[in-house]
There are 2 protein chains.
Amino acid sequence: MIATNDKALARIDKIDRKILEQLQKNGSLTNQQLAEKVGLSASPCLRRVRTLEEAGIIVRTVTILDHKKLGLALTAIILIGMDRHTPERFAAFEEQVAAFPEVQECYLITGQSADYMLKVVVPDMDHYHQFLLNRITRIQGVSGVHSSFVLRRVIDSTALPLGYLS
Amino acid sequence: MIATNDKALARIDKIDRKILEQLQKNGSLTNQQLAEKVGLSASPCLRRVRTLEEAGIIVRTVTILDHKKLGLALTAIILIGMDRHTPERFAAFEEQVAAFPEVQECYLITGQSADYMLKVVVPDMDHYHQFLLNRITRIQGVSGVHSSFVLRRVIDSTALPLGYLS
DNA sequence: TCATATTGGGCAATTATATTGCATTAAATA
DNA sequence: TATTTAATGCAATATAATTGCCCAATATGA
């Protein structure tokens, strides 16, 4: 069964785009504030937001926390290679990785030297070491692991570029 | 001038942790819904949320959009090496990269083969090609570029692991 | 153990905000 | 230009956030 409306490109006019831009920056704007910013009155603004939600263009809103203040000072980028490129290997890997709360992102990627790219958040290097040894390297099929550590976050955003819509 | 309270670890009790867990999953919960989920009445719940905001633990709330429905089907992971590791080179690079809306993440990282890791979102491969040629490789000091493309998003979250707070 | 202080929670009134129906206006179509 | 269609704004209503005040629980110190 193939999903039918996943790729449906919606027609987004200038006002919709403004709404999305605002909400990407600040999802806790009140509808009234949002309406003012996009040059609409409250009710049509709210209706547009609801429509964007129902269309699945607005997926959800999330609260962003400060990792340092929560004692999570270390972010690691891990590139992982698999020994065999079979669906079973991949499925098992993904299932296990999805159960680790330290993993913020996990992408299957193209490239010769790696199959997966992970972004992992932990308190410090000790915990990272434990995580790598007790979690990642224990997964069947993991053959190569390369770790990099984030020294500075130049950009850390969830916003999509909306300039291509026009 | 060194920031003083950036690292201040807050004491987060069980209820605060529940609040943060809920809001990380769903930032558009009403205060009443949140209060019920964490076992509090509305007013102390709201007071706790405000306190967490003032402490900077809650940074902001953002709306997540569906990239496919917005015609942004290609996500690339780019590893970039710089010719010289001088503060001027890095500053200039970061300033220019920060101006590209396609760049969702840009981290200065450890590692022998790369200095920066970027996550970039564009409509398709043509646009990616243009972006690489006209934007990235034109930045002074960029000496090596390696691109990977996201085939599948296994995990794509903004949630931090709160299990270490114990 | 008991008295006291301090912190946090709950209730209820108030204020602000979201939501809905309906008339109106603007835009699109022929 | 007449007609249809879609979207907007206003106003009334329903929900939710916010605040002040009192009470309960926990911590503190004799």
Side-chain angles (χ1 to χ4, degrees), chain A residues 5 8-66 69-71 158-159 162-166, chain B residues 5 8-66 69-71 158-159 162-166:
Chain A
N5 62 349
L9 285 177
R11 352 193 182 334
I12 305 283
D13 68 14
K14 209 132 192 169
I15 295 179
D16 285 333
R17 186 175 143 184
K18 279 189 189 176
I19 288 174
L20 296 177
E21 279 169 355
Q22 290 297 325
L23 291 179
Q24 282 199 128
K25 285 196 295 185
N26 184 359
S28 62
L29 284 173
T30 67
N31 182 58
Q32 298 183 352
Q33 292 170 321
L34 179 62
E36 192 179 358
K37 279 176 187 287
V38 304
L40 238 54
S41 69
S43 56
C45 182
L46 184 63
R47 275 191 287 258
R48 278 172 180 265
V49 172
R50 294 286 175 262
T51 302
L52 290 166
E53 287 170 350
E54 279 156 27
I57 292 166
I58 290 177
V59 177
R60 65 186 194 282
T61 118
V62 296
T63 297
I64 306 295
L65 308 182
D66 186 311
K69 288 188 177 162
L70 291 168
T158 54
L162 302 183
Y164 294 105
L165 292 176
S166 70
Chain B
N5 63 350
L9 286 176
R11 353 192 184 333
I12 305 283
D13 67 13
K14 210 130 192 170
I15 295 178
D16 285 333
R17 185 174 143 184
K18 280 189 188 175
I19 288 173
L20 297 176
E21 279 168 356
Q22 290 297 326
L23 291 179
Q24 282 199 126
K25 285 196 294 186
N26 183 358
S28 62
L29 283 173
T30 67
N31 181 59
Q32 299 185 349
Q33 293 171 321
L34 179 62
E36 191 178 0
K37 279 177 188 284
V38 305
L40 237 54
S41 69
S43 56
C45 181
L46 184 63
R47 276 192 289 255
R48 278 172 179 265
V49 172
R50 293 287 176 262
T51 301
L52 289 166
E53 286 170 351
E54 279 156 28
I57 292 167
I58 290 176
V59 177
R60 66 187 194 279
T61 117
V62 297
T63 298
I64 306 295
L65 307 182
D66 186 310
K69 288 187 178 162
L70 291 168
T158 55
L162 302 183
Y164 294 103
L165 294 176
S166 76

Listed pairs under 3.5 Å, donor-acceptor, residues 31-39 of chain B side chains, sequence neighbours left out:
{"residue": "B:N31", "atom": "OD1", "partner": "B:L46", "partner atom": "N", "Å": "3.4"}
{"residue": "B:N31", "atom": "ND2", "partner": "B:A42", "partner atom": "O", "Å": "3.0"}
{"residue": "B:Q33", "atom": "OE1", "partner": "B:T30", "partner atom": "N", "Å": "2.9"}
{"residue": "B:Q33", "atom": "OE1", "partner": "B:T30", "partner atom": "OG1", "Å": "3.3"}

What is the distance from [atom1] of [X] to [atom2] of [N], rounded to the nearest Å?
X     : N      : atom1 : atom2 : answer
A:I15 : D:dA7  : CD1   : P     : 11 Å
A:D16 : D:dA7  : CG    : P     : 10 Å
B:K14 : D:dA25 : NZ    : P     : 20 Å

(message) Using every non-hydrogen atom in the two residues, find where A:V59 and B:D66 come nearest and quote the distance to one decimal.
(response)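 Shortest heavy-atom separation between A:V59 and B:D66 comes out as CG2-N, 3.5 Å.
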(request) Identify the two heavy atoms, one from B:L65 and one from A:L162, that lie closest to each other, and give their separation to 0.1 Å. (result)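 Scanning both residues completely, I find the closest heavy atoms to be CD1-CD2, 4.3 Å.
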(request) Write out all pairs satisfying salt bridge (Lys or Arg N to Asp or Glu O under 4.0 Å) with one or both partners inside residues 19-28 of chain B, taking only residues at least two apart or from two chains. (result)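 Sorted pair list: B:R17-B:E21.
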(request) Write out all pairs satisfying salt bridge (Lys or Arg N to Asp or Glu O under 4.0 Å) with one or both partners inside residues 51-64 of chain B, taking only residues at least two apart or from two chains. (result) B:R50-B:E53
(message) Is any side-chain heavy atom of B:L29 closer than 4.5 Å to one of B:Q22?
(response) yes
(request) With a 4.0 Å heavy-atom cut-off, tell me which residues in residues 21-40 of chain B come close to DNA chain C, sorted by residue number. (result) B:L40
(request) Check every atom of D:dA17, C:dG9, C:dT19 against the side chain of B:L46 and return the nucleotide holding the closest atom. (result)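 Of D:dA17, C:dG9, C:dT19, D:dA17 is nearest to the side chain of B:L46.
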(request) State which residue, out of B:L23, B:I19, B:V62, fulfils the side-chain contact (heavy atoms from CB on, under 4.5 Å) condition with A:T63. (result)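 It is B:L23, the one option of B:L23, B:I19, B:V62 that forms the side-chain contact (heavy atoms from CB on, under 4.5 Å) with A:T63.
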(message) Do the side chains of A:R48 and A:D13 get close enough for a salt bridge, i.e. N-O under 4.0 angstrom?
(response) yes
(message) Could you work out, with side chain to side chain contact (heavy atoms under 4.5 Å, CB included) as the rule, every residue matching B:S28, not counting sequence neighbours?
(response) A:T61, B:N26
Report, one pair per line, the protein and nucleotides 11-14 of chain C atoms (nitrogen or oxygen only) whose separation is under 3.5 Å.
{"residue": "C:dC11", "atom": "N4", "partner": "B:S43", "partner atom": "OG", "Å": "2.7"}

(message) When the axes are fitted on five pairs at both termini, how much does the helix from C:dT1-D:dA30 to C:dA30-D:dT1 curve, in 10° steps?
(response)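 Inter-axis angle at the termini of the helix from C:dT1-D:dA30 to C:dA30-D:dT1: 40°.
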(request) Drop me the distance from B:I57's CD1 to B:L52's CG, to the nearest 0.5 angstrom. (result) 5.5 Å
